[in-house]
Amino acid sequence: ISHALVGTLEQVLIAAAIAVPVGIMTAVYLVEYGRGKALTKAISFFIDVMTGIPSIIAGLFIYTFWVLTLGFERSGFAGSLALTILMVPTVVRATEEMLRIVPNDLREASLALGIPKWRTVLKIVIPTALSGIITGVMLAVARVAGETAPLLLTTFLSQSMNWNPFSGSQASLPTFVWDQIASGTQASLNRAWAGALVLIALVMLLYLGARVVARLFAPKKS
């Protein structure tokens with residue numbers, strides 16, 4: 001299952017590299033800059049809609065736009081784009097909630113010292129909420145790590161190692177499990193269980209890593 005493990009790691013990392021900055025910046029705008037604006041209401045509405053989108057719809061959208069319309073081939077990167085759609089709303093909502101619970105006294109004290117708004121957000125607000133933001137990011141990563149439907153449409157199935165997520169079909173642990181179960185033999189069922197166990201272990205390691213990072217970056221009490 002090494003080829004599937006490599007595919008999952010690459011696809012999830014690429015999706016996180018896109019979704020996390022976009023999600024955090026969107027949440028910062030909603031909480032810190034966009035209060036009362038019509039654009040804020042529109043963004044919040046679309047985030048709510050994206051939260052309820054079935055995963056197969058995200059895969060179908062990327063397949064139609066990226067593969068059929070733009071002419072790119074199915075690849076691990078196409079799968080990452082589908083996973084990005086599923087990750088963004090989770091990251092936005094988690095970050096938004098954590099930013100809202102940061103005491104306004106911290107913001108006002110920083111602004112009273114003449115520190116610009118953007119620097120207050122960057123140096124005061126985000127570090128204070130960082131532990132919760134990291135937890136939300138890991139929840140989003142854990143959610144997409146086990147998605148199967150969008151990857152079947154965008155990456156298809158591969159039985160060989162492919163280190164390049166931008167070219168050719170690439171396996172992943174969820175699609176590997178699906179493929180082995182579909183084969184129906186005892187040996188393939190054993191491989192499917194092995195793939196499921198590795199996927200669970202991977203998610204557990206991500207959670208443990210998130211706990212460690214959140215504790216390291218948590219605000220220190222004086």
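One-based numbering along the sequence shown.
Distance CG/L152 to CD/E147: 11.0 Å, rounded to 0.5 Å. Atom CD of residue Q180 and atom CG of residue N190 lie 10.0 Å apart, to the nearest 0.5 angstrom. Note that CZ of F77 and CD1 of I62 are 9.0 Å apart. Values are rounded to the nearest 0.5 Å.
Side-chain contact between W178 and T148: present, with at least one pair of heavy atoms (C-beta onward) separated by less than 4.5 Å. The side-chain heavy atoms of S167 and E73, taken from C-beta on, include a pair separated by under 4.5 Å.
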(request) In sequence, state the C-alpha distance, the side-chain angles, and the governing distance for L151 and L83, and then conclude on side chain to side chain contact (heavy atoms under 4.5 Å, CB included). (result) CA-CA 8 Å; L151 299 182; L83 298 181; 4.3 Å; yes

(message) For R74 and W66: C-alpha separation, side-chain torsions, deciding distance, then whether side chain to side chain contact (heavy atoms under 4.5 Å, CB included) applies.
(response) CA-CA 9 Å; R74 290 179 174 181; W66 187 258; over 6 Å; no

(message) Determine whether E10 and Q170 satisfy the following criterion, side chain to side chain contact (heavy atoms under 4.5 Å, CB included), listing intermediate values before the conclusion.
(response) CA-CA 10 Å; E10 290 186 349; Q170 189 180 49; 2.7 Å; yes

(request) Test Q159 against D179 for side-chain hydrogen bond (donor to acceptor under 3.5 Å, both in side chains), laying out the working first. (result) CA-CA 10 Å; Q159 304 298 333; D179 182 49; 2.8 Å; yes

(request) Decide yes or no on side chain to side chain contact (heavy atoms under 4.5 Å, CB included) for M161 and V6, but give the supporting numbers first. (result) CA-CA 8 Å; M161 180 69 75; V6 168; 3.9 Å; yes

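When all heavy atoms of V203 and A142 are compared, the pair lying nearest together is CG1-CB, 3.8 Å. Heavy-atom minimum distance, A4 versus F176: CB-CB, 3.7 Å. When every heavy atom of L30 is checked against every heavy atom of S44, the shortest pair comes out as CD2-OG, 4.0 Å. Taking every heavy atom of both residues into account, L86 and A58 meet most closely at CD2-CB, 3.9 Å.
Of the possible polar contacts, one joining the S80 side chain to the Q11 backbone as a donor-acceptor pair under 3.5 Å is found. Remark: the backbone N or O of M87 is not paired with any side-chain donor or acceptor of R143 at under 3.5 angstrom. With hydrogens and angles ignored, the 3.5 Å screen pairs a side-chain donor or acceptor of R107 with a backbone N or O of V102. Distance alone, capped at 3.5 Å, places no donor-acceptor pair between the S172 side chain and the T8 backbone. Under a 3.5 Å cut-off, the side chain of N162 and the backbone N or O of S158 do not form any donor-acceptor pair. Without hydrogens or angle criteria, T155 side chain to G79 main chain gives no donor-acceptor distance under 3.5 Å.
By the neighbour-count criterion of 12 heavy atoms within 6.0 Å, atom OH of Y33 is densely surrounded, having more than that number from other residues, nucleotides or ligands.
Put simply, V121 and L113 are part of two different groups of oily side chains (I, L, V, M, F, W, Y) that touch within less than 4.5 Å, one to the next. Note on L197 and L202: separate hydrophobic clusters, where clusters join Ile, Leu, Val, Met, Phe, Trp and Tyr whose side-chain heavy atoms are under 4.5 Å apart, directly or indirectly.
Taking the charged nitrogens against the carboxylate oxygens, E96 and R100 do have a contact shorter than 4.0 Å, which makes a salt bridge.
When the salt bridge (Lys or Arg N to Asp or Glu O under 4.0 Å) test is applied to R119, no partner is found at least two apart in sequence or on another chain.
Each of I43, T95, V91, V88 was compared with T26 under the side chain to side chain contact (heavy atoms under 4.5 Å, CB included) criterion, and only I43 meets it.
Hydrophobic side-chain contacts under 4.5 Å tie M25 to no other Ile, Leu, Val, Met, Phe, Trp or Tyr residue.
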